[in-house]
Amino acid sequence: MKKRCALISVLLSAVLLSSCGGKTSDVESEGANSSVETIELTLWTFPIGNWGNPTAVASMLNDFHREYPGIHVSVEYLNYDNGDEKVNQAAADGTLPDLVMEGPERLVANWGEQGWMVDLSELWESDTAGEIYDNIRDACQHGNGEYYVFPICMTTHCMAINYDMFREAGALSYIDEETHTWTTEDFIKAVQALHDYAAAQERNISAGIVYCKNQSGDQGTRALVNNLYGGTFTDAAHTYYTVDSEENRKALQLLYDLEGIIFEPSFSSGDAIDLFCRKETAMCFCWNGSLEVQQTINHPELDFEVFPMAFPTDQGRPKLQGGIWGFGAFDTGDPERIAAAKTFIRYITENDASYTRAVRASSYWPVRDMDNLYENDRLMTEYSIFMPYMGDYYQNTPEWSQARTAWWQMLAKVGEGADIAEAVKDFPSPE
């Protein structure tokens with residue numbers, strides 16, 4: 001990790017400097033010279049790279065405010081431990097914000113499904129929208145035909161290992177360092193080697209933690225379970241959930257039986273990430289390139305090499321969970337504010353300069369074909385190896401919110417020793 005610190009500092013500096021550009025001339029400046037009263041908008045953003053960093057976001061907003069002095073955007077920063085609860089409470093209280101930055105799994109399958117979102121279809125008629133990859137477009141559209149997300153960036157989620165600890169435990173032979181992949185059989189051997197290493201060192205170190213406190217980072221545990229023996233989470237058409245399958249039951253049983261793998265119902269993904277960064281666990285099942293940047297800032301004491309890995313699989317290439325993030329607009333019932341929210345989205349997405357700044361701030365990749373934004377960035381180049389492993393984006397399956405809750409509750413039951421067949425059989429599925 002030491003060798004990356006300087007590189008990450010350069011990356012962050014580039015993000016902040018690039019966020020300080022001048023006005024955007026290609027976007028129509030609605031009301032730039034108007035004396036009308038300022039429209040106040042509120043943006044809630046989850047910690048999507050530096051979109052969770054007030055300094056970086058302020059730089060981008062300053063540019064927008066100079067271009068559109070009649071619109072002011074204030075920001076509130078959410079986290080994945082309580083962000084969903086905050087949005088739900090705001091909906092109940094009638095105090096939803098104007099804008100939110102997150103992904104289709106929330107904006108389409110949850111809040112859009114509940115009728116809280118504004119249809120952004122008119123934004124999808126632009127030339128810029130026509131350049132967005134088809135699979136990303138499909139993920140942003142609800143089954144009713146309306147679009148509740150205008151996307152900014154995407155990535156593939158992966159896992160990570162403590163390379164130094166793997167070397168000390170004699171477990172490096174179980175990973176393919178060139179492709180960042182491994183087999184289920186080698187994963188089992190590595191976990192055993194790490195368990196034996198911790199015992200010999202008399203250190204309280206786990207090989208890995210299956211966190212199951214809430215929905216945070218649940219894409220990691222889903223990908224882990226699905227990949228081990230070729231299981232899936234939904235059918236190909238995204239109409240029902242396939243958690244109760246022989247492949248998934250076998251994977252859950254394996255994880256429960258492995259010495260060194262701990263099911264922890266009191267841990268969220270954030271807790272597991274923190275323990276990984278403090279060298280109290282050898283693997284982290286919730287990881288991506290942006291997280292490495294963030295955790296280097298959060299944990300300046302990091303002194304080991306983080307080595308990103310695909311999830312182990314017993315057949316073919318791994319299938320990693322994809323992440324898509326962008327803007328949605330809540331239906332506040334105020335046409336003027338809704339129109340202003342769309343203006344903000346257009347500003348960020350329809351001009352290459354502002355869009356490039358937005359993508360770089362995320363530390364992810366653009367959702368449309370562009371020149372390589374990270375051409376000279378070794379860290380991002382390393383993580384780009386996972387993009388071809390992106391699997392099916394099923395997070396817009398009906399009743400997604402209920403399925404996510406059922407997932408971590410099921411994991412908690414398995415960790416408590418419940419019969420796995422019983423734990424998965426009542427998994428919810430749309431009719």
Side-chain angles (χ1 to χ4, degrees), residues 1 80-81 157-175 180 182-214 216-228 250-288 291-292 295 298-299 301-313 407-418 420 423:
M1 177 62 78
Y80 285 112
D81 286 339
H157 299 294
C158 60
M159 61 176 290
I161 66 170
N162 181 322
Y163 187 91
D164 300 352
M165 196 178 295
F166 265 61
R167 182 179 58 245
E168 294 166 9
L172 285 180
S173 61
Y174 302 125
I175 68 172
H180 293 245
W182 48 351
T183 66
T184 298
E185 180 180 357
D186 282 336
F187 170 75
I188 294 170
K189 293 176 181 177
V191 170
Q192 186 62 54
L194 291 161
H195 176 72
D196 294 344
Y197 164 78
Q201 297 288 318
E202 297 184 346
R203 297 172 63 184
N204 186 24
I205 300 170
S206 65
I209 297 173
V210 178
Y211 45 87
C212 35
K213 179 181 179 181
N214 53 32
S216 68
D218 58 342
Q219 82 282 337
T221 51
R222 293 197 310 269
L224 173 64
V225 171
N226 291 161
N227 273 280
L228 282 170
K250 185 177 179 181
L252 288 165
Q253 189 66 60
L254 171 67
L255 292 171
Y256 180 79
D257 291 341
L258 282 176
E259 290 186 298
I261 298 295
I262 299 173
F263 282 71
E264 184 48 75
S266 66
F267 281 13
S268 67
S269 61
D271 298 318
I273 291 167
D274 185 62
L275 286 183
F276 175 69
C277 292
R278 291 196 278 114
K279 298 187 291 188
E280 294 183 33
T281 183
M283 308 178 197
C284 185
F285 299 130
C286 180
W287 202 257
N288 55 49
L291 259 174
E292 180 164 344
Q295 294 310 312
N298 296 342
H299 293 272
E301 76 282 3
L302 279 175
D303 61 356
F304 66 89
E305 181 178 353
V306 172
F307 194 81
M309 288 290 296
F311 291 94
T313 181
W407 177 254
W408 64 261
Q409 291 177 340
M410 179 273 294
L411 289 180
K413 291 177 183 177
V414 171
E416 293 167 356
I420 290 176

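This one's a predicted model, so the numbers in the text were calculated from it and none came from an experiment.
With Y211 contributing its side chain and G217 its backbone, the two residues share a donor-acceptor pair below 3.5 Å. For the pair D271 (side chain) and S268 (backbone), a donor-acceptor distance under 3.5 Å is present. When atom types are taken as modelled, the side chain of T313 and the backbone of N227 share a donor-acceptor pair closer than 3.5 angstrom.
In this structure, K279 pairs ionically with D303, as a charged nitrogen and a carboxylate oxygen lie closer than 4.0 Å.
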Check against side-chain hydrogen bond (donor to acceptor under 3.5 Å, both in side chains), D218 and T221: CA-CA 5 Å; D218 58 342; T221 51; over 6 Å; no

Ring pair (Phe, Tyr, Trp, His ring centres under 6.0 Å) assessment of F285 paired with F276: CA-CA 10 Å; F285 299 130; F276 175 69; 9.7 Å; no

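Taking CG of D164 as the start and CG of L172 as the end, the distance is 9.0 Å to the nearest 0.5 Å. The CG atom of L228 lies 5.5 Å from the CG atom of L255; values are rounded to the nearest 0.5 Å. Here the CD atom belonging to E168 is positioned 10.5 Å from the CG atom belonging to L194, to the nearest 0.5 angstrom. E416 contributes atom CD, which lies 8.0 Å from atom SG of C212 (distance to the nearest 0.5 angstrom). Atom CZ of residue F304 and atom CE of residue M165 lie 7.0 Å apart, to the nearest 0.5 angstrom.
Taking each heavy atom of N214 and W408 in turn, the nearest pair found is C-CD1, 3.4 Å.
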